[in-house]
Amino acid sequence: MNRRQACLGAMGIDVWLARTSAPARDEIIPASRLDWPDLEDAVAKCTRCPLHATRTQTVFGVGNRKAEWMIIGEAPGGEEDRRGEPFVGRAGKMLDAMLRAAGFAREEVFIANILKCRPPRNRDPQAEEAAQCAPYLARQIELVAPKLILAVGRIAAQQLLGTDAPVGRLRGRVHRLAAPDVPVVVTYHPAYLLRSPGEKRKSWDDLLLARRAARL
Ligand code: URA
């Protein structure tokens, strides 16, 4: 899948891909038409990229499927791969604290990642992996229909917004996804905040901005 197709996928526009082998029945239906159970099933069975061979299990996403806020991170780490739930390691505890500061319990938001499978040794997602996974996330966004997306970290922000700009340039203003039209606020990844606690103040500012953007 090329970058243009990836962007279309991220915007929720059907992307049809040439196949090298016979597709499973549920793969024939584009992700953009699946309801929650079929989407979850398609993700669990996904073999679109080589990460399926090294995962313990897929990490679909968790939380309130009618949430006002959707939190999007990068990819499952080791703990997430073992437990099948996003943000359950140390970074997850930090994310929970950020959410509490913003007035939410973890269960009130929907949490997902750009990738549904763990990259080996937690390396950065590759463009092709993100492109293959994009239709699943696009459909999750469509189904949740959040009032706000909080993109945590560089990878999530760059993938969602289709840019190479660093987090420092993306945070501090409200972006918009084209389709569906959802405001996006960018903040630091909780793992980065654990390493650089001095940046927590800026992250708090981002959460305040997100609260305002969700009300507009
Ligand atoms: N980091 C992420 O970006 N996502 C997770 O699920 C866990 C750690």
Side-chain angles (χ1 to χ4, degrees), residues 7-13 31-32 35-36 39 59-75 85-88 91-114 130 134-194 196-216:
C7 288
L8 291 176
M11 289 190 302
I13 297 167
S32 62
D35 57 14
W36 280 113
L39 184 63
V59 178
F60 180 70
V62 74
N64 179 359
R65 292 181 172 183
K66 298 262 177 262
E68 293 195 352
W69 281 31
M70 191 159 172
I71 316 301
I72 301 182
E74 175 178 333
E85 185 173 332
F87 284 102
V88 288
K93 299 255 174 312
M94 184 70 218
L95 177 64
D96 291 352
M98 291 163 70
L99 290 173
R100 269 197 308 277
F104 292 102
R106 179 179 170 92
E107 304 70 42
E108 287 178 279
V109 302
F110 191 87
I111 306 174
N113 282 310
I114 295 293
Y136 298 134
L137 181 61
R139 183 60 177 152
Q140 287 178 310
I141 295 171
E142 210 169 57
L143 287 169
V144 174
K147 287 190 177 154
L148 176 104
I149 291 174
L150 184 69
V152 296
R154 175 179 64 87
I155 301 284
Q158 292 181 343
Q159 290 293 332
L160 282 171
L161 301 174
T163 174
D164 292 331
V167 171
R169 289 226 334 261
L170 296 172
R171 57 172 295 279
R173 64 200 159 99
V174 180
H175 306 263
R176 297 204 86 89
L177 275 197
D181 180 21
V182 186
V184 179
V185 169
V186 173
T187 194
Y188 294 112
H189 194 283
Y192 171 75
L193 294 177
L194 287 171
S196 310
E199 302 287 49
K200 284 185 192 170
R201 159 62 56 183
K202 288 191 205 159
S203 183
W204 170 238
D205 290 341
D206 298 335
L207 294 172
L208 291 178
L209 175 64
R211 284 209 321 207
R212 284 197 299 276
R215 276 192 233 111
L216 293 178

> Shortest non-hydrogen contact from A156 to G73?
Replying inline: CB-O, 3.6 Å
> If you round to the nearest 0.5 Å, how far is CG of N64 from CZ of F104?
Replying inline: 10.0 Å
> Who passes salt bridge (Lys or Arg N to Asp or Glu O under 4.0 Å) against E108, sequence neighbours left out?
Replying inline: none
> For P86 and N113, which heavy atoms make the closest approach, and how far apart are they?
Replying inline: CB-ND2, 3.7 Å
> For E74, which residues count as a side-chain hydrogen bond (donor to acceptor under 3.5 Å, both in side chains) partner, sequence neighbours excluded?
Replying inline: none
> For the atom pair CG (L209) and OG (S203), what is the distance rounded to the nearest 0.5 Å?
Replying inline: 11.5 Å
> Quick one: does Q158's side chain have a donor or acceptor within less than 3.5 Å of a partner on A165's backbone?
Replying inline: yes
> Roughly how far apart are R201 CZ and D205 CG, rounded to 0.5 Å?
Replying inline: 6.0 Å
> How far does CZ of R211 sit from CH2 of W69, to the nearest 0.5 angstrom?
Replying inline: 7.0 Å
> Quick check: does any side chain N or O of Q140 sit under 3.5 Å from a backbone N or O of F60, one acting as donor and the other as acceptor?
Replying inline: yes
>> Can you give me the closest heavy-atom contact between M98 and P190, atom names plus distance?
In response: SD-CB, 4.1 Å
> So, do R106 and V88 sit near enough that their side-chain heavy atoms are less than 4.5 Å apart?
Replying inline: yes
>> Which residue is it: V144, I72, V186, V185? I am looking for the one with a side-chain contact (heavy atoms from CB on, under 4.5 Å) to I149.
In response: I72
> Taking side chain as C-beta onward, heavy atoms only, is I111 less than 4.5 Å from L95?
Replying inline: yes
Contacts table for residues 170-178: side-chain donor-acceptor under 3.5 angstrom, sequence neighbours left out:
{"residue": "R171", "atom": "NE", "partner": "D206", "partner atom": "OD1", "Å": "3.0"}
{"residue": "R171", "atom": "NE", "partner": "D206", "partner atom": "OD2", "Å": "3.0"}
{"residue": "R171", "atom": "NH2", "partner": "K202", "partner atom": "O", "Å": "3.1"}
{"residue": "R171", "atom": "NH2", "partner": "D206", "partner atom": "OD1", "Å": "2.9"}
{"residue": "R173", "atom": "NH2", "partner": "R169", "partner atom": "O", "Å": "3.4"}
{"residue": "H175", "atom": "NE2", "partner": "L170", "partner atom": "O", "Å": "2.7"}
{"residue": "R176", "atom": "NE", "partner": "D181", "partner atom": "OD1", "Å": "2.7"}

> Which heavy-atom pair separates P135 from A31 by the least distance, and what is that distance?
Replying inline: O-CB, 3.7 Å
> Are any of the side-chain heavy atoms of I114 and L160 separated by less than 4.5 Å?
Replying inline: yes
> Atom CD of E199 and atom NE2 of H189: how far apart are they, to the nearest 0.5 Å?
Replying inline: 15.0 Å
> Do F87 and V152 come within less than 4.5 Å of each other through their side chains, counting heavy atoms only?
Replying inline: yes
> CZ of R154 to OG1 of T163: how many Å apart, nearest 0.5 Å?
Replying inline: 11.5 Å
> Closest approach of V184 and A151, non-hydrogen atoms and distance?
Replying inline: CG1-CB, 4.2 Å
> Which atoms form the tightest heavy-atom contact between E142 and P180, and what is the distance?
Replying inline: CA-CG, 4.4 Å
